[in-house]
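One structure is given below, encoded as structure tokens.
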Amino acid sequence: QVQLVESGGGLVQAGGSLRLSCAAAGLTFESYVMGWFRQAPGKEREFIGMNWNGNTNYIDSVKGRFTISRDNAKNMVFLQMNSLKVEDTAVYYCAADISYVRLRNGNPAFWGQGTQVTVFS
């Protein structure tokens, strides 16, 4: 049974930083594309970025501020968020799929339960 468990969410002032972690179990981690999504109140879930085979890809609104990294030995993926803005407030989800196309299109095989990030001014 595949499990993705996020942690590290919380309350942070605008301009600050936060690091989210996602621990994966039940899958051959190094074979999977790992990504992050977020869902703000009243909005649809949004792709943020992904990490696969040494590559990364991000949406424009987080480029230069967010970094996705992974530790294949520990089956973990991270989302480092710097220069946070109020509009980054959302529930953040970790996701995994063999296909980067499926993940990028918002249809990954596996989702975490989400962790809340609240940025205040």
Practice item. With Tyr32 as reference, evaluate Asn72, Asn51, Leu27 under the side chain to side chain contact (heavy atoms under 4.5 Å, CB included) test and give the passing residue. Key: Leu27

Point to revise | Short side-chain donor-acceptor distance under 3.5 Å, Gln116 and Thr118 | key: yes

Check your understanding: Do the non-hydrogen side-chain atoms of Leu103 and Trp52 ever get within less than 4.5 Å of each other?
Key -> no

Practice item. Take Met50 and Arg104 through the test side-chain contact (heavy atoms from CB on, under 4.5 Å) and record every step on the way to the result. Key: CA-CA 8 Å; Met50 58 187 176; Arg104 178 62 183 88; 4.0 Å; yes

Review point. If you measure from CG on Leu79 to CD on Glu6, what distance do you get to the nearest 0.5 Å?
Key: 10.5 Å

Point to revise | Heavy-atom side-chain contact between Thr89 and Phe120 under 4.5 Å | key: no

Check your understanding: Are Val33 and Val2 connected in the hydrophobic side-chain network, where two residues link if heavy atoms are under 4.5 Å apart?
Key -> yes

Exercise for review: Taking Asn105 for its side chain and Arg102 for its backbone only, find out whether a donor-acceptor pair lies under 3.5 Å.
Suggested key: no

Review point. Going through the distances and angles, do Gln113 and Val5 end up as a side-chain contact (heavy atoms from CB on, under 4.5 Å)?
Key: CA-CA 7 Å; Gln113 83 287 353; Val5 180; 4.3 Å; yes

Review point. Between Gly106 and Pro108, which heavy-atom pair has the shortest distance, and what is it?
Key: C-CD, 3.2 Å

Check your understanding: According to a 4.5 Å side-chain heavy-atom criterion applied to Ile, Leu, Val, Met, Phe, Trp and Tyr, with indirect links allowed, do Phe29 and Met76 form part of one hydrophobic cluster?
Key -> no

Practice item. Go through the structure and list residues passing ring pair (Phe, Tyr, Trp, His ring centres under 6.0 Å) with Phe78, not counting sequence neighbours. Key: none

Point to revise | Side chain proximity check, Val62 to Arg38, heavy atoms < 4.5 angstrom | key: yes

Practice item. Ignoring hydrogens and angles, tell me if any N or O in the side chain of Asp97 forms a donor-acceptor pair with the backbone of Ser99 under 3.5 Å. Key: yes

Practice item. Decide yes or no for Val117 and Leu20: does some side-chain heavy atom of the first lie under 4.5 Å from some side-chain heavy atom of the second? Key: yes

Review point. Salt-bridged, Asp60 to Lys63, with N to O below 4.0 Å?
Key: yes

Check your understanding: Is there a side-chain contact between Met34 and Cys94, using heavy atoms and a 4.5 Å cut-off?
Key -> yes

Exercise for review: Can you establish whether the number of heavy atoms outside Glu87 located under 6.0 Å from its atom CD is more than 12?
Suggested key: yes

**Study point:** Any side-chain heavy-atom pair of Phe66 and Asn82 under 4.5 Å
**Key:** no

Check your understanding: Quick one: are Ser17 and Gln80 in side-chain contact, heavy atoms under 4.5 Å?
Key -> yes

Exercise for review: Might you work through the side-chain contact (heavy atoms from CB on, under 4.5 Å) test for Glu46 and Ile59, ending with a clear yes or no?
Suggested key: CA-CA 9 Å; Glu46 174 187 42; Ile59 56 173; 3.6 Å; yes

Practice item. For Tyr93 and Arg45, run side-chain contact (heavy atoms from CB on, under 4.5 Å): C-alpha distance rounded to whole Å, both residues' side-chain angles, the deciding distance at 0.1 Å, then the answer. Key: CA-CA 9 Å; Tyr93 298 89; Arg45 193 173 297 189; 3.7 Å; yes

Review point. Taking atom OH of Tyr100 as the centre, does the number of heavy atoms from other residues, nucleotides or ligands within less than 6.0 Å exceed 12?
Key: no

**Study point:** Approximate separation, where rounding is to 0.5 Å, of Ile68 CD1 and Cys22 SG
**Key:** 10.5 Å

Point to revise | Residue from Tyr92, Trp111, Phe110 passing ring pair (Phe, Tyr, Trp, His ring centres under 6.0 Å) with Phe37 | key: Trp111

Check your understanding: Are Leu18 and Val86 connected, step by step, through hydrophobic side chains (Ile, Leu, Val, Met, Phe, Trp, Tyr) whose heavy atoms are closer than 4.5 Å?
Key -> no

Point to revise | Pairwise side-chain contact, Val91 with Thr115, heavy-atom cut-off 4.5 Å (strictly under) | key: no

